[in-house]
Amino acid sequence: MQFPAEPFRIKVVEPLKITSREEREKLIKEAGYNIFMIPADSIYIDLLTDSGTSAMSDNQWAGLMLGDESYAGSKNYYHFEETVRHIFGFKNVIPTHQGRVAENLLFSNILKEGDVVPNNIHFDTTRANVEYHKAQAIDCVIDEGMDPQNLHPFKGNMDIDKLEAAIQKYGKDRVPIILLTVTNNSGGGQPVSMQNIREVSAVAKKHGIPFFFDACRFAENCYFIKEREDGYQDKTILEIAQEMFSYADGCTMSAKKDGLVNIGGFLAMNDDQWAQRITNMLILIEGFKTYGGLAGRDLEAIARGLKEVLDENYLRFRINQTRFLGEMLDKEGVPIVKPVGGHAVYVDARRFLPHIPPEQFPGQALVVELFVRAGIRSVEIGSLMMAKKDPQTGKMIPPKLELVRLAIPRRVYTNMHMQYVAEAIIEIYREREKLKGFTIEYEADFLRHFTARLKPIA
Ligand SMILES: *Cc1c(COP(=O)(O)O)cnc(C)c1O
């Protein structure tokens with residue numbers, strides 16, 4: 001079979017509004033051609049992000065009714081703690097309301113000015129939290145991970161030589177932690193192999209540096225290991241996860257990804273002293289240690305979601321649904337980043353629209369067209385989001401790639417929805433010469449893509 005059918009059936013439906021092309025043209029114009037400014041209920045298929053957009057199961061919804069909202073010692077906290085300990089194996093479990101708070105708490109505790117934090121590729125919030133503490137976030141992914149056409153099976157791997165070189169260059173006292181992001185979100189949701197995890201762990205141990213995972217998509221990473229790495233075919237996802245985490249000292253987690261919930265996160269670690277200090281901070285900024293900014297019912301939904309995400313039938317569907325969308329596009333010649341990662345398909349807008357220069361935002365041209373034509377929301381990850389300014393000339397320095405990300409929410413859309421998305425993009429591809437670029441009318445000083453107003457070039 002080309003792709004597995006959905007391993008769930010529909011019990012509750014959320015009707016989607018179908019708008020006309022004229023309505024969408026008006027909406028996007030009013031939004032300043034910025035997809036972030038479109039009201040979500042005017043979108044037919046929303047592929048803006050896979051974060052916090054999962055559909056919960058009947059089992060999770062049932063769990064919400066068992067929420068124990070006691071200020072201290074909620075029974076849902078104990079269920080959550082026991083579940084995290086079982087899968088991740090770390091002794092101390094600290095709930096937070098989302099992943100970036102886990103990062104902030106961790107870094108507040110361990111980073112000082114001038115420190116350096118290596119990672120395969122830092123996710124935006126991780127980098128921002130490192131830099132906020134006046135430390136330097138450095139990316140050590142293998143070169144293959146930066147090449148959109150390289151078919152390496154584990155493009156999220158850390159380059160061990162780059163890691164060692166960084167530790168040599170700055171000295172191990174300035175490297176208070178080594179991070180590894182699974183799957184590597186900013187590198188296209190590409191997996192890290194168990195072999196590489198072992199090697200990173202060995203480097204960390206050799207230098208006496210703590211090693212933490214950014215574990216947001218840990219289950220998706222485990223599925224890729226099972227599928228692609230020798231020796232793991234007969235292991236369960238739980239066994240693979242337990243082995244993976246056994247090599248580390250802790251992790252940060254956004255449960256909005258592989259926790260299969262709409263809000264939540266945590267920090268887990270073996271070190272008691274760190275956990276004590278962080279818990280004291282938690283009480284100051286998030287809440288008491290048995291709820292950490294969440295309701296008891298949320299903790300119950302996370303506990304149940306973390307068990308469900310280990311289901312191999314679910315993961316096979318999840319990974320193959322993403323791959324299926326990529327393959328439909330690839331077959332028709334649409335340029336995409338390959339191999340397809342776990343949670344999203346990335347269209348290469350520079351090759352899709354070679355007649356639109358980076359200064360005119362080819363990715364945004366595709367994002368806008370996809371909305372106007374088909375009611376689909378995607379997101380530009382290119383010059384609009386990532387370009388830097390030359391401090392001397394003020395001229396834009398475009399990033400290496402102009403991408404459009406189609407992130408797939410978990411258990412939300414059917415394969416037929418994916419086919420609709422593919423057909424829309426293929427149609428646009430056939431008429432791609434007609435697309436025009438954009439100029440910026442208004443931009444903020446930082447994170448401009450969220451609020452920028454654009455104008456089509458006539
Ligand atoms: C989403 C994400 C985070 C941050 O989590 P939030 O819940 O959005 O705060 C950190 N790292 C990675 C890799 C992520 O994908």
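By convention here, the first residue in the shown sequence is residue 1. Atoms within a ligand are numbered from 1 in the order they appear, just like the ligands themselves.
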Looking only at protein heavy atoms, which one is nearest to [atom], and what is the separation?
atom                    : answer
atom 11 (N) of ligand 1 : Asp214 OD2, 2.7 Å
atom 7 (O) of ligand 1  : Ser254 OG, 2.7 Å
atom 8 (O) of ligand 1  : Arg100 NH2, 3.0 Å
atom 1 (C) of ligand 1  : Lys257 NZ, 1.4 Å
atom 10 (C) of ligand 1 : Glu103 OE2, 3.2 Å

Could you label the plane-to-plane angle of the Tyr77 and Phe80 rings as parallel, tilted or perpendicular, counting under 30° as parallel and over 60° as perpendicular?
-> tilted
Give me the ring orientation class for Tyr346 and His343: parallel if the planes are under 30° apart, tilted from 30 to 60°, perpendicular past 60°.
-> perpendicular
Counting from 1 in the order shown, the ligand 1 atoms closer than 4.0 Å to a non-hydrogen atom of Thr125 are 3 (C), 4 (C), 10 (C)
The atoms of ligand 1 lying under 4.0 Å from a heavy atom of Thr181, numbered in the order shown, are 13 (C)
To the nearest 0.5 Å, what is the distance between CD (Gln321) and CZ (Arg411)?
-> 12.5 Å
[X] N/O under 3.5 Å from ligand 1 N/O:
X      : answer
Ser51  : no
Asn185 : yes
Gly99  : yes
Arg217 : yes

Closest non-hydrogen contact found for Glu286 with Gly292 is OE1-O, 3.1 Å
Does Lys235 make a cation-pi contact with Tyr232 (under 6.0 Å, within 45 degrees of the axis)?
-> yes
Could you establish whether Cys216 and ligand 1 come within less than 4.0 Å of each other, counting only heavy atoms on the residue side?
-> yes
What residue among Arg217, Lys257, Arg405 forms salt bridge (Lys or Arg N to Asp or Glu O under 4.0 Å) with Asp50?
-> Arg217
Candidates Ile142, Asn157, Asn120 - the one meeting side-chain contact (heavy atoms from CB on, under 4.5 Å) with Asn196 = Asn157
Tell me, yes or no, whether the heavy-atom count around Tyr132 atom OH, taken from other residues, nucleotides or ligands under 6.0 Å, exceeds 12.
-> no
Check: Gln233 side chain, Glu229 main-chain N or O, donor-acceptor pair, under 3.5 Å = yes
Heavy atom under 4.0 Å from ligand 1: found in Lys256's side chain, backbone, both, or neither?
-> side chain
